[in-house]
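When a residue number appears, it is its place in the shown sequence, counting from 1.
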Amino acid sequence: MNQPIVTQRIWERIFSSMHNGVIVVDAESKILLINDSAKELLNIQDENWEGHDIRALIPTTQMPKVLQSGERSIGVKMEIAGRQCMVNRTPIYEDDRLIGAIGVIQDISEMEHYRSLFKQMETIIECATDGIYVVDKNGITLLVNTAYEEITGFRRDELVGRHMAELTSQGYFDQSVSLLVLEKKKCISILQKIGGKKDVIVTGNPFFNDSGEIEMVVTSVRDITHLNELKREMEKAKSFSQINQNRYTYSFSSSDDKIIFRSNPMKQIFNKVQQVAPYPTSILLTGPSGVGKEVVANLIHDLSQRKDRPFIKVNCGAIPETLLESELFGYEKGAFTGARQEGKIGLLELADQGTVMLDEIGELPLPLQVKLLRVLQEKQIQRIGSSTVRKLDIRIISATNQNLKALIRRGTFREDLYYRLQVVEIHIPPLAERAEDVGALLDHFFSYFCKQYHVDKQLAAETKAILSSYHWPGNVRELKNLIEGMIVSVPSQTIEPHDLPLHIYEQTTAPGTALTLKERVEKFEQRIVREAIQKHGSLRKAAQHLGMDHSTLVKKLKRWHLAVE
């Protein structure tokens, strides 16, 4: 008998404990129940509104409309007592008869505040000049801003909702910093190249929840392409610097190669190259083999306006005469027996807008000299078997170790071509005539090859003195090859005079002071003993390794005036 009363009390307690406001009305819009949360929202804590029309409490209420239509009204925003609220109104039926309605009021003022903050954050993210990329804890893309789209060229609809591993496998990125952050659980920065054109620095930051687990990774992407260009220009301006007691160094922008010199003749050559390189003038490089004509040609191209264009090198003496014409000028399909069906573009045509170096120009056959002269005079080229003349814009740098004027007198080189090639002539003297460069080159190549082959060696002072006084008939090429050979073939850390090739040692030794066979054998023995002591750390172990008595080894060291432990 008391069961309905108990049930009513339970429902009243349930409604009173709810966080949202609840108002129940009957079919006449009279208030049957109003819970504590609703009273707090409406500021009616000390008043009793049960039995009153809800319109007296909330003039703007839509509850009567719900009673009239019998349909729900869900998610309606309205302001109640100065607060933003979300109201849901639902009709109540009993046996298909409308007996009232219930309204649930949710205070969304705080939610609206956070929504406003979120919109502000969205605006800030969109206004950022750095690209922003956000993934969740599973590596799924959540957000991409406009700056990221502009930097990378990727659209956000291509990315949002997709896993970083999938995007990486499809070539969007060469590696994903977000996945690295999720794996390492720390901030990570990497350098990337986007589309082979733009350089970017990518920094991924993890965001942890209260449990110490990653909730998301926010990645910032900064375009440093322009910065790198400025850096390269600054390095270019500083690349020619005077260091280490009048030693000059020029570093190429497109490679790790360098030009090292101290002598006045090379300084004058460098100054001349700086003067003429910006102009498309033909340049003739002369000098004996191995002096660095190709390096100077590289320098001319690197300092020219064509540095980002093709630079093609042709050794006129290395290609058979029967093939040289087709290699230089190319041919149309079916031009001659054995020709490719599709034809071939010549090297001169491939270098259009760039530079061609014709090494060993004195070996160029006379018939080809005529064709080359036409290229220089008319800036045109014609493939073998073709009647079409093509415009050509190339700069020609020619090089030779021969006396072209002597070849002209013998009738093997055209005088008109010579003057076309020799608009500017740069003669590179042999290394014997610029001895000041030897020490700088020794230091450079020794350091270069030690670094390249990951070894730690040094030149003994006496060895360096011998090499500095050597006349180097093979010029810089001989010096470079000798240093490389000694670094890889001499087992000891210090390269001593007896490690040098015999022809160098003997040519730098005063007449009558060359070592005898016995002295050479003793020098070699000393080197073996030094290496054994260095390797084993003590005389006893070294003597055991060498198969001799400890006392014998001590006597030898004393005779050689070497330190004894």
Side-chain angles (χ1 to χ4, degrees), residues 4-127 134 136 140-146 156-157 160-161 209 215-216:
I5 298 174
V6 173
T7 303
Q8 181 179 350
R9 288 177 179 173
I10 291 173
W11 278 111
E12 286 177 353
R13 289 176 183 176
I14 291 173
F15 284 132
S16 294
S17 65
M18 291 179 66
H19 176 71
N20 291 335
V22 177
I23 301 177
V24 181
V25 300
D26 62 13
E28 303 298 326
S29 297
K30 306 293 185 185
I31 298 174
L32 299 176
L33 181 149
I34 179 168
N35 73 348
D36 292 339
S37 295
K39 290 177 181 179
E40 182 180 351
L41 283 170
L42 298 169
N43 295 318
I44 55 171
Q45 297 288 12
D46 299 329
E47 300 177 52
N48 184 10
W49 281 88
E50 282 82 353
H52 289 76
D53 194 305
I54 192 172
R55 284 169 286 196
L57 178 62
I58 308 174
T60 58
T61 182
Q62 300 295 312
M63 198 76 85
K65 287 187 178 180
V66 172
L67 293 170
Q68 184 179 357
S69 65
E71 295 179 354
R72 296 184 304 169
S73 171
I74 303 298
V76 177
K77 286 184 182 181
M78 62 183 300
E79 186 175 324
I80 299 177
R83 299 186 185 182
Q84 288 292 321
C85 296
M86 181 81 73
V87 181
N88 295 329
R89 308 178 188 89
T90 305
I92 302 173
Y93 289 91
E94 182 181 37
D95 298 330
D96 296 329
R97 183 170 60 88
L98 182 67
I99 62 171
I102 181 171
V104 179
I105 309 170
Q106 181 181 4
D107 185 354
I108 61 171
S109 299
E110 189 172 341
M111 188 184 301
E112 287 295 312
H113 172 68
Y114 284 120
R115 182 177 285 110
S116 175
L117 287 177
F118 182 74
K119 284 188 175 297
Q120 290 177 22
M121 288 301 299
E122 276 189 328
T123 303
I124 292 170
I125 289 171
E126 279 300 302
C127 291
V134 184
D136 65 13
I140 303 296
T141 306
L142 298 177
L143 180 147
V144 172
N145 74 344
T146 301
R156 66 186 72 190
D157 58 359
V160 174
N209 58 22
E215 280 293 316
M216 66 178 67

Under 3.5 Å, is there a donor-acceptor pair between the side chain of R89 and the main chain of S73? no

Is a side-chain donor or acceptor of N88 paired with a backbone partner of G75 at a separation under 3.5 angstrom? yes

Quick check: do T61 and I23 have side-chain heavy atoms less than 4.5 Å from each other? no

To the nearest 0.5 Å, tell me how far L41 CG sits from D36 CG. 11.0 Å

Is the shortest heavy-atom distance from the side chain of I105 to the side chain of D107 under 4.5 Å? no

Starting at CD of Q106, measure out to NE2 of H19 and round the result to the nearest 0.5 Å. 7.0 Å

Give the minimum heavy-atom separation between T146 and R156, together with the two atoms involved. OG1-NH2, 2.9 Å

Between T90 and I74, is there a side-chain heavy-atom distance shorter than 4.5 Å? yes

Please list all pairs passing the ring pair (Phe, Tyr, Trp, His ring centres under 6.0 Å) test where one or both residues lie in residues 56-85, with sequence neighbours left out. none

Given L42, V24, N48, I54, the one that forms side chain to side chain contact (heavy atoms under 4.5 Å, CB included) with I34: L42

Separation of I99 CD1 from I92 CD1 (nearest 0.5 Å): 6.0 Å

Grab the two heavy atoms, one from I31 and one from V25, that are nearest each other, plus how far apart they are. CA-CG1, 4.1 Å

Is any side-chain heavy atom of P91 closer than 4.5 Å to one of R72? yes

In terms of side-chain geometry, is the basic nitrogen of R55 or D53 positioned less than 4.0 Å from the acidic oxygen of its partner? yes

Would you call S37 and M18 a side-chain contact if the rule is heavy atoms closer than 4.5 Å? no

Is it the case that atom CD in E50 sees more than 12 heavy atoms from other parts of the structure closer than 6.0 Å? yes

Counting N and O atoms only, with roles assigned by atom type, does the side chain of N209 sit under 3.5 Å from a partner on the main chain of E215, one being a donor and the other an acceptor? no

